[in-house]
Amino acid sequence: MGINNRLRFQCIHCGQCCLNQNTLVNTTYVDVLRIKNGLKLTIDEVLEILGFYMFDQAPSVSEIDRMVVPPIQTERGMAFVGLKKRPNGQCFFYDETKERCSIYAFRPGFCRTFPFTFTILRNKNKKESDINIFYTEKGIQYCRGIGEDYPNIDLKKWIKLGREVIRDLSKNNELIKKWNSSVKNKQILPSARNFILTIFNLE
Ligand code: SF4
Ligand code: SF4
């Protein structure tokens, strides 16, 4: 496997990935449905827990192509869909009293894989593609569980998770492509509610 065998990490539950002001937890439609079903939320309640983050400057097509989760077209312009943040910058679902995630079992793929990211290495001769795993930039910046003092990661476990997440991301990106094209062709009103309704209808 084309995999880095020297990744050392153990989550020490410092909470930095939930508290960091500059971290946006993006959500795929699979994440949204998992949270919606786990917490039994209505459309209005889902709209309450999500943020539609606008760009200061509209990204170019090539920038969008490089994004792990592309933005969606809304009535206000292009937006990233992610978990809402509290005014102090921490994740909406971070429980300050208990110092932990209040939706741990339903948390998004972003949180499940932090501080790692994955890329696919296509291999025409094999049935299944290899996956490469890296620390994310944010992980390197502030994750306190990365370092020589920690054990080597269980690669099998992480690669399995990487495959699941890549599958979700690719299904999600298909949905976003369809959504953006329907908006462009004026087939749908690009409201946040309609986007969530589209996700609900996938079940
Ligand atoms: S969903 Fe949970 S794990 Fe993810 S950032 Fe929010 S509080 Fe942290
Ligand atoms: S920043 Fe790293 S060590 Fe801290 S809670 Fe997040 S994953 Fe765990």
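These values consider heavy atoms only, across backbone and side chains, with no hydrogens, waters or symmetry-generated copies. Counting starts at 1 for both ligands and their atoms, following the listed order.
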Taking [X] for its side chain and [Y] for its backbone only, find out whether a donor-acceptor pair lies under 3.5 Å.
X	Y	value
Arg8	Tyr150	yes
Lys138	Thr23	no
Asn185	Gln187	no

[atom]: the protein heavy-atom neighbour that sits closest, reported with distance to 0.1 Å:
atom	answer
atom 7 (S) of ligand 2	Phe114 CD2, 3.7 Å
atom 1 (S) of ligand 1	Leu83 CD1, 3.5 Å
atom 8 (Fe) of ligand 1	Cys18 SG, 2.4 Å
atom 6 (Fe) of ligand 1	Cys91 SG, 2.4 Å
atom 2 (Fe) of ligand 2	Cys143 SG, 2.3 Å

Q: Counting heavy atoms only, name the option from Ser102, Cys111, Gly15, Cys101 that's nearest to atom 4 (Fe) of ligand 1.
A: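 That would be Cys111.
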Give me the atom names and distance for the closest heavy-atom approach of [X] to [Y].
X	Y	result
Ile64	Pro71	CG2-CD, 4.1 Å
Asn26	Pro108	O-CB, 4.1 Å
Asp95	Thr97	OD1-N, 3.0 Å

**Q.** Element-labelled atoms of ligand 2 that are located less than 4.0 Å from some non-hydrogen atom of Gln16
**A.**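 In order of number, 1 (S).
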Q. Which atoms of ligand 2 are found less than 4.0 Å from any heavy atom of Gly145?
A.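 Result: 3 (S).
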Q. Can an N, O or S atom be found in Cys11 less than 2.8 Å away from atom 2 (Fe) of ligand 2?
A.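 No, since none of the N, O or S atoms of Cys11 sits under 2.8 Å from atom 2 (Fe) of ligand 2.
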Q.
Using a 4.0 Å cutoff against the non-hydrogen atoms of Val25, which atoms of ligand 1 qualify?
A.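 Taking each heavy atom of Val25 in turn, ligand 1 has 5 (S) under 4.0 Å.
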Q. Can you list the ligand 1 atoms lying under 4.0 Å from a non-hydrogen atom of Phe93?
A.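 Once the distances to Phe93 are compared, the set is 7 (S).
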Q | Heavy-atom neighbours of Lys160 NZ exceed 12 at 6.0 Å | A |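 Incorrect, the count does not exceed 12.
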Q.
Please identify which of these residues, Phe134, Phe9, Phe110, meets the ring pair (Phe, Tyr, Trp, His ring centres under 6.0 Å) condition with Phe116.
A.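 The single option meeting the ring pair (Phe, Tyr, Trp, His ring centres under 6.0 Å) with Phe116 is Phe9.
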Q. Would you say His13 reaches atom 8 (Fe) of ligand 2 with an N/O/S atom under 2.8 Å?
A.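 No, outside the cut-off.
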